[in-house]
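The analysis underlying the following values was restricted to heavy atoms, covering all of them including side chains, and did not include hydrogens, waters or symmetry mates.
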Amino acid sequence: MLSKKAARAFFLVGTAVCSLAMVGLTIDSFRRIPAQTHAERITPAVARGKDLWDHNNCMGCHTLLGEGAYYAPELTRVYRRRGPEFIRAMLRDPAAMYPGQRQMQNYHFNPGQIDDLVAFLQWIDGMDLNGFPPEPTLNQVALPSGAIAPSDDRPQVFNQLCVACHALGGRGGAVGPALDHVGDRLNADYLTRWLHDPQAVKPGTLMPRLPLTEPQIRELVAFLSQLRTEVRP
Amino acid sequence: MKYESQRVAWWFFATCMLLLSLQLIYGFIMGFAHAGYDNLHAIIPFHAARATHTNLLVMWLLCGFMGAAYYIIPEESESELYSPKLALVQLGALVVTGVTAIIGFHFNWWEGRKFLEIPRPLDFLVVIDVLAFIFNIGMTVKNGRRFTTTSLVLFFGLFAAALLYLPGMIPTVNQTSDSYWRWWVVHLWVEGVWELIMGGILSFLLIKLTGVDREVIEKWLYVIVGLTFLSGILGTGHHYYYIGTPRYWKWIGGLFSALEPLAFLGMAIYAVTMARKGGRNHPNRNALLWTVGCSIMSFVGAGFLGFAHTIPQVNLYTHGTLITAMHGHLAFWGAYAMIVLAIITYALPNLTGRRRHDAPSAQIAFWTSNIGMVAMTAAFAVAGITQVYLERRVGMDFIVVQREIQVHFVGLILAASLFTFGIGAFIWNFIKYGRPVGEVLPAGASDETPEEAITAGHAEGIA
Ligand code: HEM
Ligand code: HEM
Ligand SMILES: [Fe+2]
């Protein structure tokens, strides 16, 4: 049978070998991390953004790189998903962007701080994360075939801003009504006024005034107007 | 109780009870927030509740480990503690530091680094405090008359835990490097050196409770902690799959972390076998229940549920979802909370001189808390699996999915109520035991009752 001495030797040798391997791999990892994470893009603004991220414990609700809490959305690819304007609007007044939803604190950041956080999230977005976050592979199975306007036919601003609250083709938020067939219900003139200032059209509505440029509004109105019940030949 | 100075352990255990109760309150705050009732948001926002919940957990576990060491080390080394006064000062300082940190959390004073939220200036105080503790037990071991494997493993585990706190303080600019070092603390604690502490306490309890030969128990202790480090050190790689670290971690982390359950399986087989084999019919049946229960629940929570999401292809989808919270709860409970409650259950009659071994509240505490915790784990599991499928596989919006799974948090709250009832019973029992006024036994006598001490006496004391 195994003696106590042999058991101790097993412990000591195993621990020593694995610790050495761990130290070696750590040294190698730190050699490679800068390239993989594009450390050259860490500007002073990005560094300030990380400080803000840390000092307000954003990780206490959100995950970033899949690490953190499970109360608020994953932010690793938020720059790509929502774009800088949405992030700015969200940080200026979270309650306005997600009315009546799970609440986020308003930190009263100044515009410079908001820019720093956006820069930080943009840097994170560019990292090579070995395939994380994964593409939703059951996407096609779960959607009705031939759903209206696949994502790549939509204006980018629609995919970033509007779907945060509205669904289209079964995908998107549920704060506002779904926008399938919205073209049947609302005309271009109404849509234009609405997008300029929802409150002016319908006081008390939950939809905030979004940071949109004139060309973006024109693009959105054109897109929304053609979301009609399909007349099949 | 054989040594006067072992009494200080009681104060550590009492602190555990207090911090544990507070931890549960904050758990409920988060459970309700997830279920859609975030009414406290303006006063205690989610991230404050969360940082408090997890830091209180770590704090009461550390207090429990320290109490365990102050109880075990004198008995194993056959000498009084180097300085009981230092122990009390060190406990007071730790509590003050911890409470300061937790109050700070409510005023946005923290570092946003999961599990290591304590602000930097307080980190230094924690380190100094733990060094005082290590010094105290280190001197006791050194001046002691007997070196045992149990006390060495326990001491080395505590020492390494203190040392491993330091990588978490390395300043970094890159988010990836920041996380990299954070795992040296968090992972190498719970899947490394804390297992040594657990193994040391487990071995002490088995020697006392089963009467099996010390040589046999300590031999297997080496095998188990050997397995722990063999798998757990490189197993750190399971946190390096998707955070901007090199691809090879998928292989290394996947392979080694998949072996980690072996150490926990070893622990379970070890405790169950020794309990069966033991000739001693120890009167403190509840202590044995917690001891064996701990070894089994740690295998389920850490080994089995850890394995469930440690393979890189699975972790790609479960990384950062409620699946992690499911595993986190049962693992922390089974391995570390239960070992602390086991040593408390064993030590209380000796510390207080009251023999309340068979109090019904003690049995109720064991069963309701464990059933409650398993049910909580199930609630997190259902919520987590749904989240993984809807959000990660189908691609639905985060918030939409959260609304779908709200109902499972009502289930979580119900399960947590049962759990809390069990913890309440444990604390009730703790209070009924009263203050640590038990008498110190004369030399040669044992805490195990006389009749049993005779039958098992030959098995003890072989250093
Ligand atoms: C008693 C021992 C253990 C405890 C207390 C524990 C606790 C935890 C906790 C709290 C987390 C969340 C960490 C975070 O996201 O910040 C975690 C993550 C994880 N644990 Fe454990 N664990 C233990 C053992 C194990 C074992 C043995 C395995 C593997 C077989 C394992 C596999 C994992 C994995 C893969 C993750 C990452 C989850 C993710 O990607 O989000 N754990 N553990
Ligand atoms: C009243 C009982 C409890 C309730 C209702 C509760 C609830 C929760 C909730 C809702 C979270 C946050 C998940 C998130 O980030 O969204 C959490 C985190 C956590 N709790 Fe508890 N908890 C309770 C007791 C415990 C106990 C007894 C332990 C340890 C033994 C524990 C350990 C943890 C850990 C380690 C985390 C962090 C998990 C992670 O990040 O993956 N909790 N708890
Ligand atoms: Fe780990």
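- For the set A:T37, A:V13, A:T63, A:V46, the entry with the most heavy-atom pairs within less than 4.5 Å of chain B is A:T37.
- Ranking B:R247, B:E117, B:E391 against chain A, the residue ahead of the rest is B:R247, based on heavy-atom pairs under 4.5 Å.
- Chosen from B:W249, B:W109, B:F105, B:F115, the residue pairing most often with chain A at heavy-atom distances under 4.5 Å is B:W249.
- By the 30° and 60° cut-offs, the orientation of the rings of B:F229 relative to A:F11 is parallel.
- The cationic group of A:R102 does not satisfy the cation-pi geometry with B:F398, failing either the under 6.0 Å distance to the six-membered ring centre or the 45° limit from the ring axis.
- For chain A, the nearby part of B:T321 is the backbone; its heavy atoms alone come within less than 4.5 Å.
- Heavy-atom distances place no part of A:D51 under 4.5 Å from chain B, backbone and side chain included.
- Aromatic ring orientation, B:H34 versus B:F46: perpendicular (interplanar angle above 60°, classes split at 30° and 60°).
- When A:A174, A:P134, A:G173 are compared by the number of non-hydrogen pairs under 4.5 Å with chain B, A:P134 comes out ahead.
- For the side chain to side chain contact (heavy atoms under 4.5 Å, CB included) with A:F120, the lone residue among A:L52, A:I42, A:L64 that qualifies is A:L64.
- Both the backbone and the side chain of B:P246 come within less than 4.5 Å of a heavy atom of chain A.
- Residue with the most contacts toward chain B among A:A167, A:A6, A:G68, A:P133: A:G68 (heavy-atom pairs, distance under 4.5 Å).
- Heavy-atom distances place the side chain of B:H41, and not its backbone, under 4.5 Å from chain A.
- Proximity to chain B (any heavy atom under 4.5 Å) is restricted, for A:I124, to the side chain, taken from C-beta onward.
- Of the N and O atoms on the side chains of A:H38 and A:E40, at least one donor lies less than 3.5 Å from an acceptor on the other residue.
- For an aromatic pair to be called close, the ring centres must be under 6.0 Å apart, and B:Y180 with A:F30 satisfies this.
- For chain B, the nearby parts of A:M22 are the backbone and the side chain; heavy atoms of each come within less than 4.5 Å.
- Comparing B:A33, B:P312, B:S231, B:A48 by heavy-atom pairs within less than 4.5 Å of chain A, the highest count is held by B:A33.
- Counting heavy-atom pairs under 4.5 Å between each of A:H62, A:E67, A:E135 and chain B puts A:E67 at the top.
- At a cut-off of 3.5 Å, with distance as the only test, a side-chain donor of B:S203 or B:T150 sits close to an acceptor on the other residue.
- Options A:T26, A:V175, A:D128 differ in how many heavy-atom pairs under 4.5 Å they form with chain B, and the most are formed by A:T26.
- The contact between A:A164 and chain B is made entirely by backbone atoms, counting heavy-atom distances below 4.5 Å.
- At a 4.5 Å heavy-atom cutoff, the contact between B:A51 and chain A is made by side-chain atoms alone.
- Judged by distance alone, with hydrogens and angles left aside, the side-chain atoms of B:H53 form no donor-acceptor pair with the main-chain N or O of B:Y26 at under 3.5 Å.
- Ionic pairing of B:R120 and B:E111 is present here: one or more N-O contacts between side-chain nitrogen and carboxylate oxygen are shorter than 4.0 angstrom.
- For the options B:H239, B:R403, B:Q387, B:R113, heavy-atom pairs under 4.5 Å to chain A are most numerous at B:R403.
- A side-chain donor-acceptor contact under 3.5 Å links A:K4 and B:T149.
- For B:I252, the part lying near chain A is the side chain, with the backbone staying farther off; criterion is any non-hydrogen pair under 4.5 Å.
- A side-chain donor-acceptor contact under 3.5 Å links B:E191 and B:H238.
- In this structure, chain A has a heavy atom under 4.5 Å from the side chain of B:V400, while its backbone stays farther away.
- Options B:G237, B:G384, B:G226, B:A49 differ in how many heavy-atom pairs under 4.5 Å they form with chain A, and the most are formed by B:G226.
- Annotation: maximal heavy-atom pairing with chain B below 4.5 Å, among A:C18, A:A21, A:G14, occurs at A:C18.
- Looking at A:T76, neither its backbone nor its side chain comes within 4.5 Å of chain B, counting heavy atoms on both sides.
- A donor and an acceptor atom, one from each side chain of B:N108 and A:Y107, are nowhere located under 3.5 Å apart.
- Here B:N174 is the residue among B:N174, B:V173, B:L234 with the most heavy-atom pairs under 4.5 Å with chain A.
- Heavy-atom distances place both the backbone and the side chain of B:L230 under 4.5 Å from chain A.
- With a 4.5 Å cut-off on non-hydrogen atoms, A:S19 touches chain B through its backbone and its side chain both.
- Listed for the B:N315 side chain is no donor-acceptor partner under 3.5 Å among the backbone atoms of B:T310.
- Geometric assessment of B:R50 against the ring of A:Y71 yields a negative cation-pi assignment under the 6.0 Å and 45° thresholds.
- For the pair A:R82 (side chain) and A:I87 (backbone), a donor-acceptor distance under 3.5 Å is absent.
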